[in-house]
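Here the structure is laid out as structure tokens; the discussion comes afterwards.
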Amino acid sequence: MEYEQMLVGDDDNSPPTVERKEKRGRKPGRKASAEKVDVKAKLERSRQSARECRARKKLRYQYLEELVADREKAVIELRRELEKYTSWIADLDAGRVPDGLQDVLQEVGALKHE
């Protein structure tokens, strides 16, 4: 920005004060027709940017929905497994050997030998 200094004094005995004046507004030499074309181009770029933003947002939401669905499936599977183990514990407490426990124990034993 350009500043213009002016010395101002009321009478000869008072010290001069300094005032600064800022230049604001349009720059000289620009034409209105060029601005209209620029505005139209700017609006079109803005519309295009908004379309791309909406497309990215849609993809992001699709990705998140798939992620949530996968996690919900994993939670359901883990709950089934938990229910199976709690029923096994109830069977063991009652003095019965649950179905499938022998297979799991043999599998774990085979892993230990390797």
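The residues of the chain are indexed from 1 along the displayed sequence.
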For residues E77 and K73, determine if any side-chain heavy atom of one lies less than 4.5 Å from a side-chain heavy atom of the other.
-> no
Note, L92 side chain near L101 side chain (heavy atom, < 4.5 Å) | yes
Partners of R45 by salt bridge (charged side-chain N to carboxylate O under 4.0 Å, His left out), sequence neighbours excluded?
-> none
Taking salt bridge (charged side-chain N to carboxylate O under 4.0 Å, His left out) as the test, write out the residues that go with E44, two or more places apart.
-> R47, R51
Is there a path from Y85 to L105 through hydrophobic residues (I, L, V, M, F, W, Y) whose side chains come within less than 4.5 Å of each other?
-> yes
Nearest heavy-atom pair of W88 and D99: which atoms, and what distance?
-> NE1-O, 3.3 Å
Quick one: do Q48 and E52 satisfy side-chain hydrogen bond (donor to acceptor under 3.5 Å, both in side chains)? Show the steps, please.
-> CA-CA 6 Å; Q48 181 64 30; E52 292 170 359; 3.1 Å; yes
So with a 6.0 Å cut-off around NZ of K84, is the heavy-atom count from everything else above 12?
-> yes
Spacing of [X] atom [atom1] and [Y] atom [atom2] [to the nearest 0.5 Å]:
X   : Y   : atom1 : atom2 : result
R71 : I76 : CZ    : CD1   : 14.0 Å
S49 : R54 : OG    : CZ    : 9.5 Å
E72 : L67 : CD    : CG    : 10.5 Å

Linking Ile, Leu, Val, Met, Phe, Trp and Tyr through side-chain heavy atoms less than 4.5 Å apart, which residues share a cluster with L59?
-> none
Using the side-chain hydrogen bond (donor to acceptor under 3.5 Å, both in side chains) rule, take E65 and Y61 through it: C-alpha gap first, then chi angles, then the decisive distance, then the call.
-> CA-CA 6 Å; E65 286 173 355; Y61 274 92; over 6 Å; no
